[in-house]
Amino acid sequence: MNKSSKQLLALSALILGLVGAGSAFAADTFTAPEKDKVCVACHDATSDKPILELYQTKHGSKADARAPGCQTCHGASDGHLKNPGTSPDITFTKNTKSSADARDGTCLSCHQKDAKRMFWKGSQHQARDIVCSSCHQVHAAKDKVRDKRAQPEVCFTCHKEQRALSNKPSHHPVPEGKMTCSDCHNPHGSAGPSNLVKDSVNSTCYTCHAEKRGPFIHSHQPVGDNCTNCHNPHGTTADFLLKTRAPFLCLSCHDPSSHPGNVPGIAGNVDMSKNRAGTVLSTTTPSDNNNTSGVVGKTQGLSCMNCHTDIHGSNNPMNSTRALRFWR
Amino acid sequence: MKNSAFSRSVIAAAIALAFPAGSAMADEAQDQANPNRSQATLQIQNLNQVNPLYRMYSGMDRSGTVGSVDVDLVRRSEDGAWAKLQARDLGLRNQELGASYEKQGDWKIGLDYNQLTKYAPYTINTKVGGVGTDKLNLNTDWRSSAGLGGESSLKLERTGTTLSGNKTFSEAFKFNFSFKTEDKKGAIMSSSIGSTWNGANTATPTKNYGTMFFTPQPENFRHNQFEASLDYFTRNLQLSGGYSGSFFTNNNNPGLNITPGNNAIPTLPCSAVTCGGTAIAAGASGIPWISLPPDNKNQQWYLSGAYNFTDSTRLSFKLSRDHLTQDDSFIPAYGAITPLVGTPISATYTQMNPPGVPYAAGITNTSLGGVVDTTAYFGMLTSKLTKELDFLASWRYENRDDKTPQRNYLDAQASAEYPAGAMNSRESHKLNRGKFELSYRLPAGYRLTGGFDYEQKKTPATMRDQVTEKTYRAELRKSLSETVTGKVMLAHSDRDGGRWNLLDGTPAAGATTFSTSTGVAAPLQFSDRKRDKVKLMVDWNPVDPLNLQFFVEHAKDTYPFNPPSGNARMGMTDGSSDLYGMDAAYRITDVWRANGYYTYNKNKTHQNELYTPRINAADQACTGVTVTTACSPWQADLSMEGSVFGAGLQGRIASWDVGAQYLYSKDKTRYNINFDPNFPTAAGSSVPAGAGVLPDTVYSLNRLKLYGTYAYSKATQFRLDYIYDVRKMDDYTWTNWTFSDGTRVNVNPTQTTHLLGLSVMQSF
């Protein structure tokens, strides 16, 4: 166990002890709030639709006067009270008859007062009738979508392509639970594209990859334009989250003077001394060995980036085209 | 049996001693409603061996048994104060700890610590010294056949600490802040071009151009991010004004210094075989400085808000101003270019003593002085025009103004390539992005939506002048049904941006001229694109315990571009994308549940290219203007195909809560390269033998997870985990590849991992 682990463990134990010993937090015996008693009378611990876990959440805090009662969200539901076989006025189940506006409106009557939900109206989700309860489990003690490890499972209910991509060999640590969808996206809407947490793709990426921000002496235009020109952040088969492996990715823009148009090949297969028909090539020089940009050097290893090292931009002031070409 | 019972008693006694029994809850209702919990989990995991593909984000880089601790604590007081502590994987290299204290509706403060280590998915044998630092040493004996030493690896470790909080002053005002500092340390895979010399111990060695060295770039970064905002809310008006600052520091030198193989710079006088009596060793040469990311900082001030004109008409907006600066010190300059002694070493391949790089004649500044200001306006109007008809319109305007002083960083070149030298690039742009949507509610839960998306980006004074994309889409959605819901969506988009420069070097009308001379990665192309897309998704509940989802997506791209007569048609020509699959979830009983899914995806592209033979070391034959025998056209058909199957089962056996998860994922990429059968003939071609033959690359993942949890008492639980993980990688990337310094990268084609875990969960 390393030093930082020991320190964190000790800190956790200390906090656990201090807070656990605090009498101010002692548990009492549960009694439902007065406004909910009519509901809890049936929806008790033995009900097939139990709701008591809600009292573990902020919605169930008696000390907060703003906390809603059952009828705040579900409506007065007189019909349901008289005949439990009928539904409450507003329900949030998957097959509900309540409109999306009615369900959303219930939550937004309180939760719109949050800058992070300012752009909910008109967002991709809202405009497609995705409502709060499509993702959030309000009655549950632990809301799955607010748990970093469990959240992708909720998002993947609809986002199937992203689920498939997350299993590719090159991926962000989402399947491992160290990063989650909401690190980059605000599902409640934003002023940026694709519900991104920042105003652009690049500014979102820079929250973790600020070294790519520049500006540089020599910039590579697609880098500053949009990281997703070359990368797919949800996962790829090519290394470094590249959408297609080099040189094919690079060749979609760079043609063909100098060496970009050279035919890819791999070590062991390629013989630079003769052509495809077996004719000995007179132009072969020692420079045309396998590790140059001729064939193998642009295909294997880091491919084009074997030489174009600073592909995100070079801040080298050297008086040489080597900096311009992102070699240095 | 007796032994078994005895064992259980011993275990029970041991646990009772180790963990004091938790207080029993009064009743079930109290259990369900009580927010307070304190749980510590001790995990012991045994890893059979370290497999790089499995290890990547696992936090475990050695085999054998490791221990870690999770902590979960929540306390709520009578007056609505919450204290929370959550720790995950304490003891591993990806540990997390978060603590917060909150008076609900009043104020909150939180502290989080996160560590994340990413290990490279391969191992390395190298003699390159100083990996992870900003001084690499290629070693004097880099070409010897001596062993490369043991296997090593590359890793990057992030450690971040965040302090955040908020305070509600009244019904209307709230203040929020967060400060995050993150360190990132380690090294990433990187290579650099250099040159080598044949013929040691001779006065006339031969230079090998363009050899590639293993030169991993070090990362020793600190990134501080500070955010603060003040929110104001009334029933119809919401405002949030704030500041967001991002300060990036690279603690390394501005350049990565690579000591060449023949670091011992010879001293005069030289003979045919020695300089100053020391043998002239063969070794790597080249300019030894690679620039590393410069410090930079971006600060944003913004005002966002929304106003409800009526209950159904709302305007939301964001106004922002970003100020980005980059004034990190350059790699130092040295004036005179001092070549290595003797011929034929040219002046451009310089030594590193004294340290630094040559500057162009007019460069006296010691930093770029980069300044970029970005002003952005975003607005979105939503309204319910009638009971059935919804309207949405949004617009974003962004003006990125790169004010960085422009200087000539390259002296005029004798070649046609840069006759006037080259200025530092500036990246200004003006962006307009709009969205319009009408949505009509039809009877029976149907909704019909039509939309138009528009995006135009102007980038004056750069190679790509302007890109415009228009998308038209229609969607029919069915909701509010107990059995079947779903949607079908059609979209067509048209991207126009390829007119800026034709392949013969003639700029299109209004476009920026750019040289197509040899030696630059030009002519570039950015193709126009037409994309048609269809999406279908159905959610079906045929019977109560069964839910099925079906989904199909198809997209087709074409790149309409007709080069002038005599020019080759290069770049992307067409492509397609397919995705389909299904999900199923079945509640077998109240206790047992099963789920499964299958997803298939395939992306195909076709691109045309043109082979360019080297006539000599410094020049090439083809510029793309004409197709000749020497310049052979070829095409690549790429096909990326993937399928994923997942299944899960969970339930209870006796006193055990058990579960199983299985995941199978396979990706196959095909690289089908074809030569034009007519042009040129194979006999006249200078395409090397064996080029154009790339094997398929295949990656597969098979993973089975089994777990079982046993409640020994209300307070104490045991959990067993077993993971069987097999990954197969058949990829040519590193196969038979050797860096010019001898470094090899190894990927074991089959990596099997067994992980066995035992956890004890104790509630207090």
Side-chain angles (χ1 to χ4, degrees), chain A residues 1 5 8-9 12 15 19 24-25 27 30 45 52 55-56 61 63-64 95 113 115 118 121-122 164 167 169 173 176 191 210-211 215 217 219 224 237 254-257 261 263 265-272 274-277 287 292 295 300-302 306-307 309 314-319, chain B residues 28-30 32-33 35-36 57 71 75 77 79-80 83 85 87 90-91 97 104 191-193 209-210 212 233 240 248 291 293-294 314 318 330 357-358 360 370 378 380 382 392 424-425 427 482 521 570 599 609-610 612 617 623-624 644 665 667 682-683 688-692 699 732 736-737:
Chain A
M1 190 174 286
S5 300
L8 290 175
L9 200 57
S12 305
I15 297 172
V19 177
F25 292 95
F30 172 72
L52 298 186
Y55 297 103
Q56 294 189 35
S61 175
D64 190 345
N95 300 326
K113 285 185 173 184
M118 199 133 30
K121 245 334 187 209
N167 291 306
E176 290 82 1
E211 71 273 15
I217 298 173
S219 300
T237 51
H254 294 282
D255 278 299
S257 77
V263 186
I266 60 169
N269 285 356
V270 173
D271 182 352
M272 299 292 285
K274 52 191 176 186
N275 75 359
R276 293 197 297 132
S287 68
T292 68
V295 175
Q300 291 194 265
L302 294 164
N306 280 324
C307 301
T309 305
S314 168
N315 207 50
N316 196 326
M318 70 191 302
N319 180 20
Chain B
E28 190 65 20
Q30 171 65 8
Q32 289 186 23
N36 300 332
Y57 295 115
V71 176
R75 284 287 185 275
S77 72
D79 60 350
L85 173 72
L90 291 187
L97 176 69
Q104 187 170 325
S191 165
S192 62
I193 186 172
Y209 287 88
M212 297 153 183
F233 295 103
S240 179
F248 170 78
S291 71
R314 177 178 169 88
K318 181 172 183 179
F330 283 157
V357 296
F378 172 78
M380 180 163 62
T382 57
L392 184 159
N424 55 298
S425 41
E427 295 188 304
E482 291 185 358
M570 281 170 287
T599 304
E609 307 301 339
L610 192 64
T612 311
T623 62
V644 186
S665 174
D667 292 291
Y699 171 79
Y732 62 72
N736 295 325
W737 169 261

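Order of the sequence lines sets the chain letters (A, B, ...), proteins ahead of strands, with each chain counted from 1.
Applying the ring pair (Phe, Tyr, Trp, His ring centres under 6.0 Å) rule to F233(B) yields no partners; only residues at least two apart in sequence or on another chain are considered.
Most heavy-atom pairs under 4.5 Å with chain A, from the set N736(B), V644(B), D667(B): that is D667(B). Note on K121(A), Q56(A), E176(A), K113(A): by heavy-atom pairs under 4.5 Å with chain B, the leading option is Q56(A). Contact count versus chain A (heavy atoms, under 4.5 Å) is highest, among P35(B), G690(B), G80(B), G370(B), for P35(B). Between chain B and the residues S314(A), S219(A), A63(A), G265(A), the most heavy-atom pairs under 4.5 angstrom are made by S219(A). Counting heavy-atom pairs closer than 4.5 Å to chain A, the top residue among A29(B), A33(B), G692(B), S240(B) is A33(B). Between chain B and the residues A115(A), P173(A), G224(A), the most heavy-atom pairs under 4.5 angstrom are made by P173(A).
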Does the pair M380(B) and M118(A) meet the rule for a side-chain contact (heavy atoms from CB on, under 4.5 Å), with working shown? CA-CA 11 Å; M380(B) 180 163 62; M118(A) 199 133 30; over 6 Å; no
Would W737(B) and N306(A) count as a side-chain contact (heavy atoms from CB on, under 4.5 Å) if you check the C-alpha gap in whole Å, the side-chain angles of each, and the deciding distance to 0.1 Å? CA-CA 12 Å; W737(B) 169 261; N306(A) 280 324; 3.7 Å; yes
Begin from the C-alpha positions of N316(A) and V357(B) and carry the test side-chain contact (heavy atoms from CB on, under 4.5 Å) through to its verdict. CA-CA 9 Å; N316(A) 196 326; V357(B) 296; 3.9 Å; yes
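A donor-acceptor distance shorter than 3.5 angstrom exists from the side chain of Q32(B) to the backbone of A45(A), with no hydrogens or angles considered. Under a 3.5 Å cut-off, the side chain of N315(A) and the backbone N or O of P294(B) do not form any donor-acceptor pair.
Side-chain contact between S191(B) and T309(A) is absent, with no heavy atoms from C-beta onward closer than 4.5 Å.
Contact annotation for S61(A): both backbone and side-chain heavy atoms come within less than 4.5 Å of a heavy atom of chain B. If you measure heavy-atom distances from S192(B) to chain A, the contacts under 4.5 Å come from both the backbone and the side chain. Only the side chain of T382(B) comes within contact range of chain A, with heavy atoms under 4.5 Å apart. Using a 4.5 Å cut-off between heavy atoms, Y732(B) touches chain A through backbone and side chain atoms alike.
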